[in-house]
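Atoms considered below: every heavy atom in the structure, side chains included; atoms not considered: hydrogens, waters and symmetry mates. Order of the sequence lines sets the chain letters (A, B, ...), proteins ahead of strands, with each chain counted from 1. Keep in mind that what you see is a predicted model, and the values were worked out from it rather than measured.
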There are 2 protein chains.
Amino acid sequence: MSNPVRRQRPTIHDVARVAGVSRGTVSRVLNGGHHVSPAAAEAVNSAIRKTGYVVNRHARSLITGRSGSAAFLLTEPQERFFEDPNFNVLLRGCTQALAAHDIPLLLMIAGSRDEQRRIVRYVTAGHVDGVLLVSSHTGDPVAAQLARAGIPVVACGKPMDPRAGRLAHVAADDREGAREMVRHLLAAGRRRIGTIAGPQDTPGGVDRLAGFREVLAEAGLPFDESLVETGDYGRASGAAGARRLLARHPDLDGLFVASDLMARGALEALARAGRSVPEQVAVGGFDDSAAALASAPALTTVRQPWDRISQEMVRVLLARIAGEDTSAVILPTELVVRDTA
Amino acid sequence: MSNPVRRQRPTIHDVARVAGVSRGTVSRVLNGGHHVSPAAAEAVNSAIRKTGYVVNRHARSLITGRSGSAAFLLTEPQERFFEDPNFNVLLRGCTQALAAHDIPLLLMIAGSRDEQRRIVRYVTAGHVDGVLLVSSHTGDPVAAQLARAGIPVVACGKPMDPRAGRLAHVAADDREGAREMVRHLLAAGRRRIGTIAGPQDTPGGVDRLAGFREVLAEAGLPFDESLVETGDYGRASGAAGARRLLARHPDLDGLFVASDLMARGALEALARAGRSVPEQVAVGGFDDSAAALASAPALTTVRQPWDRISQEMVRVLLARIAGEDTSAVILPTELVVRDTA
DNA sequence: CCGCTTCATGTGAACGTGCACAGCATGACC
DNA sequence: GGTCATGCTGTGCACGTTCACATGAAGCGG
C-alpha cells in the first residue's frame, strides 16, 4: 500500500490494469476503436480519464516509424518571407490547421549550407511525416532531395519547372487574378495600359504577366512591348518602373502592377510626375498586403486567399502522408476594388 | 550474402558491426565520446560515415525522457504578434539559435480554449524540453500551468507580476531606453515635453512611462500629469493622443511616443495641426519597427535588440533545461537618431 | 451437435537507444 | 609477483507502444 517515491507518468499498462483489460485493447481504443466491445471501450475511456493518461508519442513513433509531426520549411530569401504579412498568415494558418489534427508543426529555416544539410538529414531520418514548403523558386535543392527520399512535400505556389512534378503544390490563380484586374481597367475605359511585372524567374511573375497580355489581346489592343516593365516586387523597383513607363508613354491611363509594394512605389512616382490617381491613371496592385492600405489612396488590388491556401496545403499534405496522390490545387483570387482603379 | 528486399535505415547496431565494436561503444562516441579510445572512436566515426547512420531520436527520447525539441508558444492576441515585424525577427532568431544546437522548434499558437488544453497536454506530457513564451501579459494561464508542471519556460518581456517568479525572462531595458530618448530631447533644448504612453497593464508601457517621468524630474522640470496621454500602441491612438496633448499644450516642443506605430499617428496629427517636425516639435518613437521608416520623415526611435533577445532566450532556456537557475536577463537598447528629433 | 466463420481479447515480440554493471587488460606500486 | 587502481569495452535490460498471431467464445447453417 506504500506509494512509490517518484510519481511516474501513467502508461498504457496502468490504464489497462485500471480498466481490467489488456494493453492491446487499450491500444485499439486509442487508435480508432475497431474490434472493441462497447463495454470495454467505456471501461478504457474511463480509466484514461481517471489516470490522466496521455500517449507517449516517442514510444509510438519508435514502433510505427511515423513522428506525428510536420515541418514548415522555409528556403532561400528568408528575410523577404518574414517581412511579408501574407507569409505570416500562411504560417499561422498551417499551424492551426495541423493543430486541429493534433499534429505539431516544426519551423525550419534553410539558410546556410550547413542548415540545409541538417534539415535534410533530420527530415529524411523520418523525424517528420511531411513538409510544407515555402520557396520562391522550386528548383530548390533541399526540396528536390526530400522529394527524392520519398518525403511527402507540398509547396506553396506553382513550381517553375513542370518536370519537378513530384512536388504537390497549392497556389492562387495568378493568371486569372491578373486577367480580372486588367478586365477591370478596361471596363473603366482605360486603353493605354502598362504593367510592372514581377521577376520572370518566379511562376507568379510569369503568370501575372501572361494574364495581362492575354486580356489585352482579347480586347483587340495592339501588343506593345514597351508597355511592360519588370521589377523585383520591391517598392523602389515599382517607382523606377513607373518612371520609365511614363517617359515612354506620357499618355498612360492604366497600370497593372504585380505587387502592392511595387504599386506603392509606382503611386509615389505618379504623384511626383503630377498624375492624378485614378483620374488620369488607374492603378491596380496584387497581393492585398498591408501596403495596400498603408497610406492614401487605398490601393485596388487582387487578394490571394492565404487562409484557404494554408488549409489546402495541410489537407493535401495529410492526403499524401496517407498515401493518396493528390497533386495540384489552384484557388481563385478575389478582386478588391478601392480608390486607385 | 543476399541482400534483404527492403533496405532498412542503419541502426546503432549496424554501425557497431561495421566498426567491429559493441553498441555501447558507439553510443558513447555519439554522446560526448568519453571513455573511448581514439582508435575505437575513429573506427566508429568512419563506420557512421560509411553507413550513413543518423540517430533515431524517437528511440533516444523514449529512453531518456527528453525530446530534444523546444516550443515557441504564442498566447493571446496572435494577430498583433504576427503583424509585428519584431515578432518575426524574434521567431526567426529563436529558430536559428536552436538549430545551431540541433534542436528543432515547434510553433504553437494558443488561441481557443481547446488549443490551450491541447498544448498544455502535449507539453506536460514531456514531448518538448522547454518553452519560449511570447505573451503580452504574463498572468497567462497556459504559462502558469506549464511552470507549475516544472517545464522550463523563458518568457520574452518582463512579467507584469513579480510573484510569477518561476518564469525566467529576457527583455529589453524599456526604462533606460525611454530615459535615453528623453535625455536626447532635453539635450536638444526641449522643455515642454509630452508623452503618449503604452497600455499601463503591460510592463513595457509602465517602464517606458517611468523612464520618461524620472528624467524630467532629474532635469528639475515640474511634473505635469496633463502632459501624459495613453494609447494602445496602435496608429490611431497615437494620432488621438497627439491631438489631445496639442489642445492642452499648444506650446508643446517635444514628444516621446511609446511605439513607432503611435508615433506615426502622432506625426500625422502634428502635420495636420500645422506643426513642423522637428523644428517646432521633436518626436521620438520606440521599437525601430518598419513603421519608423515607412514614410518621410524618418523617425528617431529606440531600437530593441531583438536578435540578441532571441539568442539570450535560447541560451537561458538551454541553461534551465540543463538544470541551472538562470532567471532574468535585461538587455540594453539603442537610440537611433533620424530626422524627427 | 459439428464445423465454420466472425469477432473481441490477450500475449509475446520488436522497435533503437542509453545506462548500469561487469569484465578485462594494462600498468604502477609495494 | 601480487594487489590494486584505472580506463576501456561488452552485455542485458528497460523505456512504452504497436502489431501479428493465438485463443476462445459466440453465432449459424446443415
dT11(C) OP1/OP2 closer than 4.0 Å to side-chain N/O of Ser22(A): no

His13(A) NE2 - dG12(C) C1' separation (whole Å): 12 Å

Ser69(B) side-chain N/O to Ile103(B) backbone N/O, donor-acceptor pair under 3.5 Å: no

Salt bridge (charged side-chain N to carboxylate O under 4.0 Å, His left out) between Arg118(B) and Glu115(B), intermediate numbers included: CA-CA 5 Å; Arg118(B) 190 175 289 144; Glu115(B) 286 172 332; over 6 Å; no

Whole-Å distance separating the CD1 atom of Ile48(B) from the P atom of dG16(C): 16 Å

Residue whose nearest DNA chain D nucleotide is more 5′ - Ala59(B) or Arg28(B): Arg28(B)

Check: Leu90(A) and Phe72(A) side chains under 4.5 Å, non-hydrogen atoms: yes

N/O donor-acceptor pair, side chain Arg23(B) with base dG18(C), under 3.5 angstrom: yes

Under 3.5 Å: donor-acceptor pair, side chain of Ser27(B), backbone of Arg23(B): no

Partners meeting side chain to side chain contact (heavy atoms under 4.5 Å, CB included) with Ala43(A) (sequence neighbours left out): Ala19(A)

Nucleotide interval of DNA chain D bounded by contacts with chain B (heavy-atom cut-off, under 4.0 Å): dC8(D) to dG16(D)

Interatomic distance, Asn56(B) CG vs dC15(C) C1' [rounded to whole Å]: 8 Å

Separation of atom CZ in Arg66(A) from atom C1' in dG16(C), rounded to whole Å: 19 Å

Length of the line joining His35(A):NE2 and dT9(C):C1', which is rounded to integer Å: 12 Å

Spacing between His34(B) atom NE2 and dG18(C) atom P, to the nearest angstrom: 14 Å

Aromatic ring pairing Tyr122(B)/His127(B), orientation class (parallel under 30°, perpendicular over 60°, tilted between): tilted

Contact nearer the 5' end of DNA chain C, comparing Val54(B) with Gly24(A): Gly24(A)

Length of the line joining His58(B):NE2 and dG18(C):C1', which is rounded to integer Å: 17 Å

Distance, rounded to the nearest Å, where Tyr53(B) contributes OH and dG16(C) contributes C1': 8 Å

Sequence-distant partners of His169(B), ring pair (Phe, Tyr, Trp, His ring centres under 6.0 Å), two or more places apart: none

Distance test, side-chain N/O of Thr64(B) to OP1/OP2 of dC19(C), below 4.0 Å: no

